[in-house]
Amino acid sequence: MSEHDKLAIGIDVGSASIKVALIRDTQADVELLVGRSERTRRREATDVVASLVETLLSEAGLTREDLAYVATTGEGEIVDFRTGHFYGMTTHARGARFLDSEADACVDIGALHTRAILMDERAKVLGYRMTSQCASGSGQFLENISRYLGVTMAEIGPISLQADEPERCSSICAVLAETDVINMVSRGISTANILKGIHLSMAGRYVKLLKAAGATRVVLVTGGLAADVGLMAAMRETLAEADDPLEVRSHEHSVLAGAIGAAIWGAFRARKMERLGISLAPGALSEART
Amino acid sequence: MSTTEDPRAVAKDASQERQKRMIADHFSRLARSEERGEKCVYTFVPGNLTELLLAFDVAPVLPEINALQSGMRGLSKDYIALAEKEGHSEDVCTYVKCDIGMLRSGNIGPTGERLPDPDLLLLSYTGCFTFLKWFELLKQEYDCPVTMLHVPYQADGRITDEMRKYVVDQLRDKIIPALEQMTGKAYDEDRLRELLARSARAEDDLVAVLESAKHKPSPIDAYFGGVYYIGPIFTAFRGTQEAVDYYRVLREEVEERIRLGKGPIIPSGELEQEKYRLVVEGPPNWTNFRQFWEMFTDEGAVVVASTYTKVGGVYDDGFRHDPERPLESLAEYCLGCYTNLNLPSRVEKLANYVRDYEADGFLINSVKSCNSFSAGQLMMLREVETRTGVPGGFIESDLVDPRYFSAANIKNRLESYFQMIEQKRARGVTR
Amino acid sequence: MSTLTELDLATTSITTLVSDCEELIRDTSMPSVRTWKERTGGIAIGFMPTYIPRELLHAQGVLPVGIMGAGDIEIIRGDAYYQSYICHIPRSTVELGLNGSLDCLDGMVFPAICDVIRNLSGMWKMMFADKLVHYLDLPQDFSAEIGGTFYRHDLELLSQKLVDAGARPLEAEALRASIRAYNENSRAVRALYDLRRREPWRVPTAELYVALRAGLVLPVESHTALLERFSALVQAQTDRVPVDQARVILTGSFCEQPPLGLIKTLERSGCYIVDDDFVQVSRWFRGDISETGDPLDALVGAFLNDAPACPTRYIDDGEKGRELVDRVGACGAEGVLFCAPSFCDPALLDQPMDTAAVTRAGIPWTAFKYSEDTGQFQVIREQAGTFADSIKLWSGT
Amino acid sequence: MMRYAVGIDLGSTTTKAVILDADSEEPFVLGRGITNSRSNYDVACAVALGDALVDARFGMIAAALERAGVDAEARRVALDELTLRFREQQYRRQLAELDRVVRELATEAGDELRQTELAAVDELMTSLLNQVDALFTKDAQRKSDFFRDIAGSQYMHKAEALTRGGGCASRDDGPRFDTLVGLYDKAILAVENTDTSGTDFEDCILDAVVGPQRSLPALGAAVSEVIATRLEKLANVGTGYGRARLPFADTQIRSEILCHGLGAFTMFPGTRTVLDIGGQDTKAIQVDDSGIVTSFQMNDRCAAGCGRYLGYIADEMNLGLHELGPLANQAKRRVRVNSTCTVFAGAELRERLSLGEKREDILAGLHRGITLRAMSLLARSGGVKNEFTFTGGVANNEAAVKALRQLISESYGEVTMNISPSSIYTGALGAAIFATRSLKQEVPAA
Ligand SMILES: Nc1ncnc2c1ncn2[C@@H]1O[C@H](COP(=O)(O)OP(=O)(O)O)[C@@H](O)[C@H]1O
Ligand SMILES: Nc1ncnc2c1ncn2[C@@H]1O[C@H](COP(=O)(O)OP(=O)(O)O)[C@@H](O)[C@H]1O
Ligand code: SF4
Ligand code: SF4
Ligand code: SF4
């Protein structure tokens with residue numbers, strides 16, 4: 001590692017899971033060393049963060065002292081050893097550009113919120129749209145339904161792809177979804193068709209959000225639901241039906257986009273601060289930024 | 001209000017065929033207006049100034065009607081989506097969004113032909129604030145003059161001399177000059193008088209038709225069916241001979257039904273047995289119009305009076321267009337339309353309907369779009385209930401946004417509501 | 001805090017002054033109004049936000065009291081009157097009416113704002129049949145002969161209703177004096193807005209806002225004094241220094257007001273608010289109302305010719321949003337926050353026209369909705385923070 | 001022989017059955033039964049009815065014991081014991097079925113399962129079996145009445161413990177939580193949707209009676225007598241969320257509103273206002289002096305403020321439904337929860353907990369919030385008249401009751417507020433009365 005390299009870690013504290021990514025910024029390039037996502041599942045978020053960071057560092061053979069910057073995003077303000085905090089859309093935009101250099105938009109679909117972000121080639125956020133204070137159509141919503149159907153997260157996508165006659169459903173409540181699903185099952189509708197119907201209605205929302213944000217070319221799906229191939233297919237179908245040239249992609253590290261983006265911005269700031277001669281005591285920067 | 005096209009077969013009688021033809025003709029006339037050198041004006045239904053426009057040989061285009069037609073033909077969903085994509089909020093009136101979406105999609109009218117661009121935007125601001133915004137939005141789209149008639153609200157439950165004067169002054173000093181300038185014709189008051197005289201004739205017949213519902217069984221449905229009846233008079237025909245003829249035929253038909261003791265025509269034919277007589281407040285839903293209607297007819301429910309059939313103007317208290325007082329009576333017409341009445345007057349009107357039409361129930365369809373109608377309906381519900389003692393019902397839907405029409409939910413409420421009336425009646429509680 | 005009508009103006013601490021104002025707003029039972037009535041024996045009339053000619057009421061010895069919703073108090077009865085798709089302000093107003101908070105008012109004036117408020121005026125008539133209820137039908141025709149005549153008559157009608165409710169008759173001299181008092185007040189408001197525009201770090205919006213809000217429940221003379229004191233205090237404050245924040249205009253909040261927490265959140269997430277449309281009644285006119293000539297005509301004329309481009313006002317020249325773009329230029333803002341109440345038709349229907357104008361002018365903007373009882377600000381913080389980030393990181397590049 | 005009429009309330013969360021003596025003039029409740037709703041509506045009905053019949057038979061056993069001269073205290077002790085053993089038998093049968101299906105599924109999954117996961121399944125199911133005795137001791141607290149919930153929460157608990165250290169990283173080869181949960185979710189569906197109500201009673205009671213009859217020999221005779229008695233169904237009426245899909249004729253379906261109104265009125269004839277908070281809707285109903293509904297209001301399609309909201313929160317806090325109320329009532333203060341959305345409230349709750357707020361204080365705030373929403377519906381429907389009855393499952397929640405009492409008295413002064421321990425059965429009771437009336441042709445079958 002050259003002495004000009006900067007190591008930075010990004011921590012994305014979400015409502016369902018915590019994502020951590022470790023990057024090396026060589027000035028010429030950024031390299032993702034290692035990243036992980038872990039569900040919080042009723043544990044203290046700070047404990048999960050601490051253990052994830054330790055795991056990552058040890059996997060990379062590093063210690064905290066090697067880090068030039070600890071950047072948080074999402075609800076990351078609860079992390080007391082951070083160097084600085086970046087807002088979610090700023091980081092997702094950066095992470096998305098890193099994962100897919102052709103993407104000019106991304107849509108972050110997490111457990112509770114969805115946000116569509118339009119950005120330029122420097123990852124500057126040009127426009128965005130977010131969902132409101134209702135969790136219908138969110139990751140949590142899909143999770144509730146699939147649990148009732150006896151389908152695990154990993155199976156959702158593949159099963160949905162088998163649908164032949166999707167049962168369209170209007171936007172339904174994330175909590176009441178179970179009852180609606182009970183009702184559909186009782187009407188003899190297959191699991192695949194139920195899931196696909198739900199994927200389509202979710203896809204409709206996301207596409208709308210993306211279009212409203214101004215996306216036109218390539219969009220990278222970030223956040224947990226990027227792993228759902230059924231949802232990806234539904235988004236593509238929705239776009240194809242509307243003859244929309246927007247291209248939807250996902251990436252195996254999509255879920256880490258926020259964490260990666262935070263880490264990259266962290267390294268960027270670390271360099272800048274260094275130039276300005278500011279020393280980076282943990283927690284100091286968050287004050288300096290305001 | 002009126003439809004030229006319903007995808008499914010619907011039972012009709014002669015007047016309905018006639019009405020359908022009239023509306024279709026109107027739209028094709030509009031489509032050809034540019035080539036024929038005819039001028040057109042965009043304006044609104046409540047308190048519309050049709051006679052004045054016809055006196056200048058100008059055809060009205062009514063965006064609300066276009067929106068409801070789009071709703072009935074299943075196009076509104078995409079139109080609304082388009083408008084929302086352009087940054088219109090989910091929260092606002094869906095008529096506006098439907099109209100904007102239609103405009104963006106080529107402004108194709110209900111007959112499949114393109115509607116003409118306006119030569120004048122005549123904003124009659126009566127009973128609804130959204131109208132102001134709607135035409136501000138349209139003004140961004142069209143390079144044409146716009147003129148506005150501000151109709152004051154009947155806040156204290158009556159029309160004062162100052163209100164009338166305010167409207168007449170605007171008509172005389174703003175609207176008429178704008179029309180003169182657009183058409184190059186001079187204002188001809190005698191011609192207006194002739195038109196108004198014909199209006200009054202048609203209005204007499206319309207009132208007779210709507211009041212026929214006082215009979216048992218009612219020969220008409222005054223809400224779903226009523227929508228068809230008010231079509232010609234509130235859109236482009238008031239003041240024409242066609243309208244006079246249509247309303248005469250309609251009245252004869254209805255009188256014949258009374259003689260035969262028949263119930264109303266419904267989508268599937270005729271209603272066999274009148275089980276519940278209802279008064280309904282609020283506009284209907286257009287995207288699922290037939291399905292909605294059938295939720296009533298399936299249970300034998302007939303609407304005997306509705307406020308929606310008074311959106312264009314209210315004739316209940318004896319108002320008729322008056323050739324003797326042309327501008328004044330136009331002003332009174334505008335001032336008197338239903339959503340321009342204050343809430344106490346609306347409550348009183350509904351309570352009167354319940355009594356006069358011997359209704360078993362009083363139902364509100366609250367539409368998400370329309371604050372003008374909806375804000376305050378829950379209080380109206382309670383007031384009417386207390387004053388009349390008949391049970392009130394409350395359902396929620398929207399005008400043209402199918403996302404807000406939850407069939408299961410509405411059916412559930414209606415079902416409970418009808419069973420409740422039934423049960424009361426079984427115990428001799430209601431009449 | 002000392003007696004509520006007379007805030008402790010001698011205080012040397014902004015914190016005290018501001019928290020006194022906050023308390024005044026929070027206490028929905030309106031102690032300051034009650035005290036005023038006890039002291040003067042006069043009558044008090046409530047009015048819904050945006051604009052009414054308070055000068056007229058003042059001249060007849062009436063205390064005009066602005067009712068801007070009820071913040072985040074629990075709504076028990078009010079929800080029974082409103083469907084979920086109607087904004088929050090009428091339900092909280094009904095709640096206040098029914099829980100007795102407004103008992104100290106002798107009536108209400110509902111200016112023409114939107115259909116919700118218009119219909120509320122009718123509900124009020126049914127609910128409080130024994131009190132004065134006036135719907136002030138502000139004209140949308142702005143010609144002196146037509147709209148002016150109508151409006152003047154409406155004011156005369158209001159004036160008469162006030163007399164019937166126990167106020168003294170309207171006299172020209174008194175009205176002129178009232179116009180002067182309110183001119184002074186709005187000059188004080190404008191001065192503070194100017195100061196904030198120049199040096200936003202000196203005048204945090206959360207503070208300015210509560211100082212303005214206090215004016216809705218205080219006699220105008222006391223409020224002017226309060227503003228002057230506030231101005232002196234913030235200017236003397238030396239520990240407020242500029243930091244690197246984005247300068248933005250906030251628009252859309254002309255009726256239902258955002259919770260204070262939201263305003264603070266915006267400032268904390270990196271935005272200096274350099275102009276807004278909060279508590280519009282306190283600076284409705286661009287300049288002074290004429291203090292000469294027939295005073296009633298002066299009120300009418302000001303309304304017709306000098307009012308801002310509020311969404312409640314019809315603009316027929318097809319240049320919606322121009323005034324907003326001008327304001328952005330005038331206060332050197334770098335972006336616009338469209339911050340409107342959920343389900344607010346006037347604000348939300350204006351928004352596409354305004355955003356189009358702003359976009360054409362190359363000004364960045366973002367939009368979100370709130371309700372007066374919103375208690376969760378994470379999403380908004382995230383949005384405003386990203387917006388500020390992007391202005392700070394990229395503006396000018 | 002015993003002839004009965006049954007009312008079934010197929011709710012969004014639970015399915016309830018009430019059976020009435022068809023030969024009694026006044027409504028006489030023979031038995032009540034409940035189960036959680038599921039996608040097979042026929043099974044849900046059958047299970048609820050089966051449960052009600054069990055209840056009725058227990059009543060008959062009690063009567064037989066009385067006839068045999070067993071004194072009241074001895075009867076109570078014997079019946080309590082018998083009931084507990086009976087429930088245990090039912091539980092064991094269901095658990096055995098679950099065990100079979102889970103293992104079957106695990107085998108089917110084959111290579112997709114890691115070695116560690118197979119081992120975990122074994123450990124999980126064994127642990128569930130080992131916990132049965134503790135569940136059915138005399139003073140045991142069960143988190144729920146339903147197999148799905150009890151077994152489920154034990155399963156999840158153990159699964160979490162087994163997968164903890166391993167995390168979710170794909171490189172590990174430890175057991176994955178999602179996989180284990182998936183197995184349970186699949187298996188429970190299969191178990192729940194199989195109808196076992198036919199054979200249940202006889203099998204279980206014969207096993208259950210073995211112990212208790214040692215101390216009270218008369219019990220064995222009573223049980224045999226009751227097994228031999230035939231129960232004949234004369235009429236049924238269905239109601240509830242799923243009523244349209246019940247295997248009943250149209251004339252045997254009544255709206256929930258009418259049933260709740262009538263049910264509440266039957267239990268408390270002075271009732272004029274009824275508030276029903278069920279799993280996914282809240283209804284405010286006004287009835288007249290003969291139990292006829294005069295007006296009603298329902299909430300819209302959002303889970304905020306209904307029973308499921310509480311269920312969601314209970315899950316979030318790792319509590320059983322039964323535990324929510326008592327905990328909330330220990331609150332010293334109320335924390336205001338701002339989110340109206342159930343799901344967001346869950347998130348907010350976690351956040352507040354991590355900020356150090358107390359669970360009970362947050363819960364108190366949540367209950368207050370729910371009750372506030374109900375208050376507005378009540379006001380919409382016409383307010384609270386002189387006597388008020390609170391029905392539906394949430395009436396079992398003492399914190400909701402407490403908050404409601406407080407708000408009602410604040411807004412309407414002192415009014416009588418009735419709450420029956422069997423409030424959750426109110427709709428089914430109303431339906432059952434409609435069923436008996438149909439026998440007497442008292443009311444036109446509309
Ligand atoms: N394979 C998958 N298919 C569908 N959904 C998934 C999959 N993997 C994760 N998710 C969903 O992703 C969500 C978590 O996404 P994430 O972006 O981490 O959310 P947050 O940042 O809000 O915690 C969860 O709701 C989970 O259900
Ligand atoms: N013992 C209990 N303690 C607390 N709450 C309960 C209890 N039993 C049921 N509930 C509540 O009642 C709700 C179910 O009510 P119910 O009236 O059966 O609804 P539905 O008819 O919609 O199925 C559950 O969601 C739960 O919140
Ligand atoms: S509908 Fe469901 S998901 Fe949406 S706000 Fe209500 S509880 Fe939340
Ligand atoms: S708000 Fe109502 S009256 Fe106004 S345009 Fe919309 S539907 Fe028409
Ligand atoms: S917030 Fe908007 S919609 Fe609500 S009352 Fe005010 S202006 Fe009307």
Side-chain angles (χ1 to χ4, degrees), chain A residues 14-17 34-46 48 51-52 55-56 59 75 78 111-113 132-136 138-141 143-144 146-155 170-189 191, chain D residues 11-13 37-42 44 105 112 160 163-165 167-171 176-190 193 241-242 244-245 279-281 301-304 306 308-309 311-312 316-318 338-344 346-347 350-351 353-355:
Chain A
S15 50
S17 58
V34 45
R36 273 204 187 194
S37 152
E38 180 154 331
R39 307 211 58 161
T40 324
R41 204 172 283 128
R42 293 199 198 106
R43 283 172 287 174
E44 281 298 328
T46 42
V48 180
S51 94
L52 271 176
T55 314
L56 251 66
E59 269 176 38
E75 299 301 317
I78 55 163
L112 298 186
H113 298 286
S132 66
Q133 303 277 351
C134 167
S136 68
S138 64
Q140 187 66 52
F141 161 81
E143 214 171 306
N144 292 0
S146 64
R147 276 213 57 196
Y148 192 80
L149 291 169
V151 170
T152 60
M153 293 311 288
E155 293 166 336
S170 52
S171 64
I172 48 177
C173 170
V175 183
L176 304 185
E178 187 180 305
T179 332
D180 289 279
V181 169
I182 292 185
N183 213 319
M184 289 186 208
V185 175
S186 86
R187 278 169 24 227
I189 296 162
T191 304
Chain D
S12 59
T13 327
S37 295
R38 61 201 70 179
S39 54
N40 190 324
Y41 287 4
D42 295 10
L105 287 170
E112 284 167 37
E160 262 176 30
T163 52
R164 187 125 298 176
C168 63
S170 48
R171 291 173 217 174
R176 288 161 299 187
F177 184 76
D178 284 357
T179 317
L180 298 179
V181 171
L183 280 175
Y184 179 83
D185 288 345
K186 278 197 189 72
I188 192 75
L189 273 185
N193 285 322
Y241 161 88
R245 305 199 72 79
Q280 76 171 38
D281 46 33
R301 269 183 56 89
C302 172
C306 303
R308 292 284 284 285
Y309 178 87
Y312 200 92
E316 196 70 59
M317 289 196 165
N318 221 348
N338 285 306
S339 312
T340 43
C341 174
T342 309
V343 182
F344 284 81
R350 263 174 274 153
E351 198 181 305
L353 283 174
S354 73
L355 289 175

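Hydrogens, waters and symmetry mates play no part in the numbers below; they use all other heavy atoms, side chains included. Naming convention: chains lettered A, B, ... in sequence-line order (proteins, then strands); numbering from 1 in each chain. It should be emphasised that the depicted structure is a prediction, and the values quoted were computed from it without experimental measurement.
- Note: A:Glu155 CD to D:Lys186 NZ = 3.5 Å, rounded to the nearest 0.5 Å.
- Comparing A:Ser138, A:Ala16, A:Cys134 by heavy-atom pairs within less than 4.5 Å of chain D, the highest count is held by A:Cys134.
- Counting all heavy atoms, side chain and backbone alike, D:Ser39 lies closest to A:Ile182 at CA-CG2, 3.4 Å.
- At least one side-chain heavy atom of A:Asn183 sits under 4.5 Å from a side-chain heavy atom of D:Tyr241.
- Considering only heavy atoms from C-beta on, A:Thr152 stays 4.5 Å or farther from D:Thr179 through its side chain.
- Of the atoms belonging to D:Asp42, not a single heavy atom falls under 4.5 Å from chain A.
- Atom CZ of D:Arg176 and atom CE of A:Met153 lie 14.5 Å apart (nearest 0.5 Å).
- Closest of all the heavy-atom pairs between A:Tyr148 and D:Arg38 is OH-CA, 3.7 Å.
- Top candidate by heavy-atom pairs under 4.5 Å with chain D, chosen from A:His113, A:Glu44, A:Glu75, is A:His113.
- A:Arg147 contributes no side-chain N or O that, together with a main-chain N or O of D:Val181, makes up a donor-acceptor pair within less than 3.5 Å.
- Neither the backbone nor the side chain of A:Leu52 has a heavy atom closer than 4.5 Å to any heavy atom of chain D.
- Closest approach of D:Asp185 to A:Gly150, counting heavy atoms only: CB-CA, 3.5 Å.
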